[in-house]
Amino acid sequence: MDKAYVTFKIPRKGLDLLSEGYRVEINPLEKPVSRKWLLEHGQNYSAFITMLHDTIDQEVLDVMKGHVKIIANYAVGYNNIDIEHAARCGITVTNTPDVLTNATAEIAFALMLSVMRRIVEGDRYVREGLFEMWKPELLLGEETAGKTVGILGMGRIGRSFAKKCFGFDMKILYHNRNRLAPEDEVATHAKYVDFETLLAESDVISIHLPLTPQTKHLFTLETFQKMKRSAFLINTGRGPVIKENDLLKALKTGLIKGAGLDVYEAEPKVTEGLLELSQTVLLPHIGSGSVKARETMSEMVARAALDVLRGKTPEHMVAGP
Ligand code: GLV
Ligand code: GLV
């Protein structure tokens, strides 16, 4: 029987499904498999279910070549895999789009409201026993209604986020590599602008970009200087889009007002100074972390692996022989 390796325990549904075609082995540890392990054992399986923290580069792929037929990444993003090289090695790579679109857009929205209305600060205030009386000017925040939101990256998640913003009476700008079709602009109520305009006019900017050489360090001190001093930055895309040390400087010197982050430049490490600021809300990469999304993702990776086993082209293929 073909063997499948799952590099971190995923919801049961997918594991059960996977075992319909494979002998399934799961990393028993509460930590990522090491690179050394991948290099030593990569050739022993015909399918891998991988996580964002697994770096599948040329060297690892060369070990897998001729043995592994599919790498099903348990994520929509796949910047952890060298997909061009995977294709050259005859390995199919799949991802899990769509099912996590709403979940991730909701987390972006929750971060926006939390940072603007100071939800987390308020919670801490109560827990620390500081709530002694109602005060006219206690923890005043900013309303989203009437504000301009700038959406960077108008894929599925960006568009889902736009819909939520429209419901909250925000004015919506977006910038994307490709402009949306007119009917999609109408459906999302979003106006296309160039990057500079988005920076200059937005009260909140939300990042929904994949990580590529072009998007890495898109936000540096220079970028923050072009934003409103009253602006908030939300990132649920990929951490390295922001140069995190520069974000810290921008927040400390008042170049921008606050930030809500779900992803970090060197995850799981967080630039220390960010932890000390009250105007940041920090989450541990839980964008797709709804029960529904994560369960469906587990079924999707299993189905992709079974498809390849049965000689079918899987639905969400991002690279293949
Ligand atoms: C999560 O960050 C994903 O890419 O699914
Ligand atoms: C990801 O699914 C995106 O298109 O934003």
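All residue numbers in this chain count up from 1 along the given sequence. Ligands are counted one by one from 1 in listed order, and the atoms in each one are counted from 1 as well.
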Are His53 and Phe8 close enough that their ring centers fall under 6.0 Å? yes
Does the plane of the ring in Tyr125 sit parallel, tilted or perpendicular to the ring in Phe131? Use 30° and 60° as the thresholds. tilted
In terms of the angle between their ring planes, are His175 and Phe195 parallel, tilted or perpendicular, with boundaries placed at 30° and 60°? tilted
Whether Arg12 and Asp16 form a salt bridge (side-chain N of Lys/Arg under 4.0 Å from carboxylate O of Asp/Glu) is what I want to check. yes
Should Met317 and Val301 be counted in the same cluster of Ile, Leu, Val, Met, Phe, Trp and Tyr side chains packed under 4.5 Å apart? no
If you look at each N/O of ligand 1, which protein N/O atoms lie under 3.5 Å away, and at what distance?
from: ligand 1; atom 1: 2 (O); to: Arg238; atom 2: NH1; distance (Å): 2.8
from: ligand 1; atom 1: 2 (O); to: Arg238; atom 2: NH2; distance (Å): 3.4
from: ligand 1; atom 1: 2 (O); to: His285; atom 2: NE2; distance (Å): 2.6
from: ligand 1; atom 1: 4 (O); to: Val76; atom 2: N; distance (Å): 3.3
from: ligand 1; atom 1: 4 (O); to: Gly77; atom 2: N; distance (Å): 2.8
from: ligand 1; atom 1: 4 (O); to: Arg238; atom 2: NH2; distance (Å): 2.6
from: ligand 1; atom 1: 5 (O); to: Val76; atom 2: N; distance (Å): 2.7

Using the ring of Phe232 (Phe, Tyr or Trp, six-membered ring only), decide whether Lys257 places NZ or CZ under 6.0 Å from its centre and within 45 degrees of its axis. no
